[in-house]
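Here the structure is a predicted model, which is why all the values come from computation and not from measurement. All values below come from the heavy atoms of this structure, side chains included, with hydrogens, waters and symmetry mates left out.
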Amino acid sequence: MPRYALKLEYDGAPFAGWQRQADCATVQGAVEAALARLEPDVPTIAAAGRTDAGVHATGQVAHCDMARDWTPFRLSEAVNFHLKPLPVAVVACARVDDDWHARFSAEERRYLYRVVNRRAPLTLEAGQAWHVRGKLRADPMREAARHLIGRHDFTTFRATICQAKSPVKTLDAIEITELPLDHGVEFQFRLRARSFLHSQVRSLVGSLERVGAGGWSPADMKAALEAADRAACGPVAPPFGLYLTGVGYASDPFAEPAG
């Protein structure tokens, strides 16, 4: 059965997350239903990351096994046709080796968290970013973020329902940038690691927001990390500001061929 990699973009608002559930709309369920319109016996698909309810993606990656030998372009066009009108789209498709796996072949995940810092409520960006009214300062957040880089026990920033075998993870990067807006500023938090714990990104951003607002000092972030206690975590940021933006592989299956 030919195997295909799918790069997916979706708005997480109408879904109860990625993973298929019997009584809820999910992204996996939507994609599998679209594939089933093409071939009746498509096996379950697998994704690089199981995003939570309300979380968006611009670079989720999944793989599927098909009975027919589709060209990647025709497969992506057909899946997108059957996904309408749901806010899910295949933005790239590639044929991959039979042993290639969207999750287990991945070497890196990249996430973006968006915070819009202004007094007025969000209108066009509602549901796409976390609206924070009180003024935030970038430099203290960047100082606090430096304590999180590297290999640590992230129990404090791990959901109690997390099923990972160990809370120890290596966080490769946190970049915090400021983008000026007409009536405020957008803070973008970009995080990169081989893998993340359940709710780790939202927990980290929620605590960093406390630092930016002046409720915590950068040293408080270090103390919270070292506590290895979920009770030491700050407020968890809401899901709708979070985006899975990319997944890294030893060889990019979506790279254009040379020439």
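Counting heavy atoms from C-beta outward, Leu148 and Leu225 have side chains that approach closer than 4.5 Å. Side-chain contact between Met1 and Pro43 is present, with heavy atoms from C-beta onward closer than 4.5 Å. Here the side chains of Thr155 and Asp229 are not in contact, with every heavy-atom distance at 4.5 Å or above. A heavy-atom distance below 4.5 Å is not found between the side chains of Glu108 and Arg194. Between Glu209 and Val132 the shortest side-chain heavy-atom distance falls below 4.5 Å. Using a 4.5 Å heavy-atom cutoff, the side chains of Met221 and Leu208 are in contact. A heavy-atom distance below 4.5 Å is not found between the side chains of Val211 and Asp220. Contact check for Arg114 versus Glu186: side-chain heavy atoms found under the 4.5 Å cut-off.
Distance check: Leu244 CG to Thr51 OG1 gives 7.0 Å after rounding to the nearest 0.5 Å. To the nearest 0.5 Å, atoms CZ (Phe154) and CZ (Phe196) are separated by 9.0 Å. To the nearest 0.5 angstrom, Arg210 atom CZ is 11.0 Å from Met141 atom CE. Rounding to the nearest 0.5 Å gives a distance of 11.5 Å between CZ of Arg142 and CZ of Arg137. Taking CD from Glu32 and CD1 from Ile45, the interatomic distance works out to 4.5 Å, rounded to the nearest 0.5 Å. Expressed to the nearest 0.5 Å, how far CZ of Arg192 lies from CG of Leu112 amounts to 14.0 Å.
Under the 4.5 Å side-chain heavy-atom criterion for Ile, Leu, Val, Met, Phe, Trp and Tyr, Trp216 and Val115 are members of the same hydrophobic cluster. When hydrophobic clusters are built by joining Ile, Leu, Val, Met, Phe, Trp and Tyr residues whose side-chain heavy atoms come closer than 4.5 Å, directly or via intermediates, Val88 is grouped together with Tyr4. Under the 4.5 Å side-chain heavy-atom criterion for grouping Ile, Leu, Val, Met, Phe, Trp and Tyr, Leu35 is not connected to Val61 through any hydrophobic cluster. Under a hydrophobic clustering in which Ile, Leu, Val, Met, Phe, Trp and Tyr are joined whenever their side-chain heavy atoms come within less than 4.5 Å, directly or via other members, Phe254 and Leu8 fall into different clusters. Linking ILVMFWY residues whenever their side-chain heavy atoms come closer than 4.5 Å, directly or via other members, leaves Leu242 and Tyr10 in distinct clusters.
Cys93 and Pro72 get closest at one heavy-atom pair: O-CB, 3.4 Å. Across every non-hydrogen atom of Ser203 and Cys233, the tightest pair is CB-SG, 3.8 Å. For the pair Leu6 and Cys64, the tightest heavy-atom approach, listed with the atom from each and the gap, is CD1-SG, 4.1 Å. Here the shortest heavy-atom pairing between Asp52 and Ser199 reads OD2-OG, 3.9 Å. When all heavy atoms of Arg118 and His183 are compared, the closest pair comes out as CB-O, 3.2 Å. The two residues Gln19 and Thr26 have their closest heavy-atom pair at O-CG2, 3.0 Å.
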| request: Could you check Leu204 against Gln200 for side-chain contact (heavy atoms from CB on, under 4.5 Å), going step by step and ending with a plain yes or no? | output: CA-CA 6 Å; Leu204 292 174; Gln200 183 180 356; 3.9 Å; yes
| request: Would you sort out whether Arg3 and Asp97 count as a side-chain contact (heavy atoms from CB on, under 4.5 Å), showing the intermediate values? | output: CA-CA 7 Å; Arg3 178 163 290 189; Asp97 293 337; over 6 Å; no
| field | Residues Gln128, Asp11; criterion side-chain contact (heavy atoms from CB on, under 4.5 Å); working and verdict | value | CA-CA 8 Å; Gln128 305 297 313; Asp11 181 339; 3.4 Å; yes
| message | I'd like to know whether Val90 forms a side-chain contact (heavy atoms from CB on, under 4.5 Å) with Val31, so could you lay out the CA-CA distance, the side-chain angles of the two residues, the decisive distance to 0.1 Å, and finally the verdict. | response | CA-CA 9 Å; Val90 178; Val31 177; 5.9 Å; no
| field | Check against side-chain hydrogen bond (donor to acceptor under 3.5 Å, both in side chains), Thr44 and Arg20 | value | CA-CA 10 Å; Thr44 298; Arg20 186 193 329 101; 3.2 Å; yes
Which donor-acceptor pairs under 3.5 Å do side chains of residues 157-179 form with protein atoms, sequence neighbours excluded?
{"unit_1": "Arg158", "atom_1": "NH2", "unit_2": "Ala164", "atom_2": "O", "d": "2.4"}
{"unit_1": "Ser166", "atom_1": "OG", "unit_2": "Val168", "atom_2": "N", "d": "3.1"}
{"unit_1": "Lys169", "atom_1": "NZ", "unit_2": "Ser195", "atom_2": "OG", "d": "2.7"}

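Using a distance-only test at 3.5 Å, with no hydrogens or angles considered, a donor-acceptor pair links the side chain of His101 to the main chain of Arg103. No donor-acceptor pair closer than 3.5 Å links the side chain of Glu143 to the backbone N or O of Pro218. Remark: side-chain polar atoms of Ser105 are not paired, donor with acceptor, to backbone N or O of Ala102 under 3.5 angstrom.
Ring geometry for His56 against Tyr243 counts as tilted: the plane angle lies between 30° and 60°, on a 0 to 90° scale. Between Trp100 and Tyr249, the ring-plane angle classifies as tilted under the 30° and 60° cut-offs. Between Phe189 and Phe187, the ring planes are tilted. Angles from 30° to 60° get that label.
Both tests hold for Arg68 against Trp70: distance to the six-membered ring centre under 6.0 Å, angle to the ring axis within 45°.
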